[in-house]
**Q** 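Before I ask anything, let me first share the structure, which is written out below as structure tokens.
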Amino acid sequence: MKRYFFHLDECGVVADDDVGHSLSCLEEAREKGVAAARDIMSADVRQGKLCLDAYILIEESGAEVARVHFKKALEITG
């Protein structure tokens, strides 16, 4: 198991993940990042706001290993 950290940058407002999550692989970390992005967007929409430029930076062993961009975490139509 590796420890992954999920740092949120929501249009310039940064929230660091100091705890992280033990996960088996990067793909599992990406899936967790997508789910977290969708949860955050859902909460933001309920409050009448949404920043599609936000992203979650995934870090492992002090290095960035992936980014989950909010606008890529869902299918936007219309």
**Q** Hydrophobic clusters here meaning ILVMFWY residues chained together by side-chain heavy-atom distances under 4.5 Å, can you tell me if F6 and I40 are in one?
**A** yes
**Q** Would H21 and Y4 count as a ring-ring contact (aromatic ring centres under 6.0 Å, His included) here? Give the steps.
**A** CA-CA 5 Å; H21 296 274; Y4 294 93; 9.8 Å; no
**Q** Please report the interatomic distance CZ(F70) to CG(D44), rounded to the nearest 0.5 Å.
**A**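 Reported to 0.5 Å precision, the distance equals 7.0 Å.
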**Q** Roughly how far, to the nearest 0.5 Å, is CD of Q47 from OG of S42?
**A** 11.5 Å
**Q** Is there a donor-acceptor pair under 3.5 Å between the side chain of R3 and the backbone N or O of G20?
**A** yes
**Q** Compare all side-chain heavy atoms of K2 with those of E60 and state whether any distance is below 4.5 angstrom.
**A** yes
**Q** Which atom names give the shortest non-hydrogen contact between A73 and A37, and what distance separates them?
**A** CB-CB, 4.1 Å
**Q** Please check: side-chain N/O of D17 versus main-chain N/O of F5, any donor-acceptor pairing under 3.5 Å?
**A**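 Side chain of D17 to backbone of F5, a donor-acceptor pair under 3.5 Å: no, none is there.
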**Q** So which atom in A36 and which in I56 form the shortest heavy-atom distance, rounded to 0.1 Å?
**A** CB-CD1, 3.8 Å
**Q** Do L8 and V45 share a hydrophobic cluster, counting only Ile, Leu, Val, Met, Phe, Trp and Tyr and linking them when any side-chain heavy atoms are less than 4.5 Å apart?
**A**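 Yes, because L8 and V45 connect within a single hydrophobic cluster, where side-chain heavy atoms sit under 4.5 Å apart.
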**Q** Hey, quick one: are L57 and L26 part of the same hydrophobic cluster, counting side-chain heavy atoms closer than 4.5 Å, chains of contacts allowed?
**A** no
**Q** Closest heavy-atom contact between V65 and R30?
**A** O-NH2, 4.3 Å
**Q** Which atoms form the tightest heavy-atom contact between I58 and A29, and what is the distance?
**A** CD1-O, 3.7 Å
**Q** Check the pair S24 / M1 against side-chain contact (heavy atoms from CB on, under 4.5 Å), numbers first and verdict last.
**A** CA-CA 5 Å; S24 62; M1 297 293 259; 4.1 Å; yes
**Q** Out of curiosity, does I76 fall in the hydrophobic cluster containing V68 (side-chain heavy atoms, cut-off under 4.5 Å, transitive links)?
**A**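 Hydrophobic grouping puts V68 with I76.
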**Q** Please report the closest heavy-atom contact between C11 and D53, naming both atoms and the distance.
**A**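 For C11 versus D53, the nearest heavy atoms are SG-CB, 4.1 Å.
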**Q** Measure the CG-NE2 distance between D18 and H7 for me, rounded to the nearest 0.5 Å.
**A** 7.5 Å
**Q** Output yes when a side-chain donor or acceptor of R46 lies under 3.5 Å from a complementary backbone atom of M41, and no otherwise.
**A** no
**Q** Shared ILVMFWY cluster between Y55 and L52, side chains joined below 4.5 angstrom?
**A** no
